[in-house]
Peer 1: 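Got a structure here, written out as structure tokens. Questions coming.
Bear in mind the structure is a predicted one, so any value in this text is a computation, not a measurement.
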Amino acid sequence: MAADALISAGVVVAGVVISFTGWFWLDPLVSLVLAAVIVRGTWDLLRESINLSLDAVPEGIDLAAVAAYLRTLPQVSDAHHLHIWGLSTTEAALTVHLVLTDGSQNDALLHEINDTLRNRFKIGHATIQFESHGTQSCAAVGDDT
């Protein structure tokens with residue numbers, strides 16, 4: 001709101017100067033300056049909006065670090081089909097297939113992974129699919145991470 005007030009004040013000041021001096025060239029100059037201020041102020045919002053529309057990995061989340069974390073879990077022999085995208089400018093989602101070494105689907109492991117994703121990587125919505133080691137993996141064709 002303060003920026004809007006400053007922009008409005010700039011327009012009023014320019015109008016007053018133009019009316020007293022006749023410097024009509026000041027109008028386009030002030031307009032260009034104010035347009036630059038508006039573009040600068042909204043650039044981050046535009047970038048975030050484009051990233052959301054493209055389902056890009058949100059800023060501040062390192063896809064490689066998440067993949068490395070998941071692959072270092074003792075019960076996990078592989079992680080694939082890892083996708084991270086933004087649900088909004090403040091929330092992120094994840095889907096992944098994890099191949100377990102012992103084949104048992106462990107609720108404690110699921111809770112541990114979800115807690116770490118939420119607290120360390122700021123990913124609040126995770127869908128995790130467990131697969132058994134040694135079975136035909138979903139990653140057999142076209143593995144994308």
Peer 1: How many angstroms lie between NZ in Lys122 and CG in Leu117, if you round to the nearest 0.5 Å?
Peer 2: 11.5 Å

Peer 1: Closest heavy-atom contact between Ser88 and Leu52?
Peer 2: O-CD2, 3.6 Å

Peer 1: Assigning hydrophobic clusters by single linkage (Ile, Leu, Val, Met, Phe, Trp, Tyr; side-chain heavy-atom cutoff under 4.5 Å), is Trp25 placed with Ile18?
Peer 2: yes

Peer 1: Tell me the closest heavy-atom pair linking Val30 and Gly10, and the distance in Å.
Peer 2: CG1-O, 4.3 Å

Peer 1: Determine, using the 4.5 Å side-chain heavy-atom cutoff (strictly less than), whether Val16 and Phe24 are members of one ILVMFWY cluster.
Peer 2: no

Peer 1: If you group Ile, Leu, Val, Met, Phe, Trp and Tyr by side-chain heavy-atom gaps below 4.5 Å, do Phe130 and Leu94 land in one group?
Peer 2: yes

Peer 1: By the definition side-chain contact (heavy atoms from CB on, under 4.5 Å), identify the one residue from Ile128, Ile113, Thr116, Val76 that meets it with Leu70.
Peer 2: Ile113

Peer 1: Suppose we screen for side-chain contact (heavy atoms from CB on, under 4.5 Å). Which residues come up paired with Val17, at least two apart in sequence or across chains?
Peer 2: Val13, Thr21, Trp23, Leu26

Peer 1: Are Ile50 and Trp43 connected, step by step, through hydrophobic side chains (Ile, Leu, Val, Met, Phe, Trp, Tyr) whose heavy atoms are closer than 4.5 Å?
Peer 2: yes

Peer 1: Indicate the atoms forming the closest heavy-atom contact of Leu87 with His125, along with that distance.
Peer 2: CD1-CD2, 3.2 Å

Peer 1: In this structure, which one of Asp78, Leu98, Val99 forms a side-chain contact (heavy atoms from CB on, under 4.5 Å) with Arg71?
Peer 2: Asp78

Peer 1: Are any of the side-chain heavy atoms of Pro58 and Ile84 separated by less than 4.5 Å?
Peer 2: yes

Peer 1: Rounded to the nearest 0.5 Å, how far does CZ of Phe121 lie from CG of Leu63?
Peer 2: 10.0 Å

Peer 1: To the closest 0.5 Å, what do you measure between CD (Gln75) and CG (Leu109)?
Peer 2: 4.5 Å

Peer 1: In terms of hydrophobic clusters joined by side-chain contacts under 4.5 Å, are Leu6 and Val33 together?
Peer 2: no

Peer 1: Nearest 0.5 Å please: distance from the OG1 atom of Thr89 over to the CD atom of Glu91.
Peer 2: 9.0 Å

Peer 1: Under 3.5 Å, is there a donor-acceptor pair linking the side chains of His81 and Gln129?
Peer 2: no

Peer 1: On a heavy-atom basis, which atom in Glu112 and which in Leu73 lie closest, and how many Å separate them?
Peer 2: OE2-CD2, 3.7 Å

Peer 1: For Ala79 and Val96, work out which heavy atoms get closest and say how close.
Peer 2: CB-CG2, 4.3 Å

Peer 1: Mind jotting down which residue pairs meet the salt bridge (charged side-chain N to carboxylate O under 4.0 Å, His left out) criterion with at least one end in residues 57-70? Sequence neighbours excluded, please.
Peer 2: Arg47-Glu59

Peer 1: Which heavy atom in Ile61 sits nearest to a heavy atom in Ala92, and how many Å separate them?
Peer 2: CD1-CB, 3.6 Å

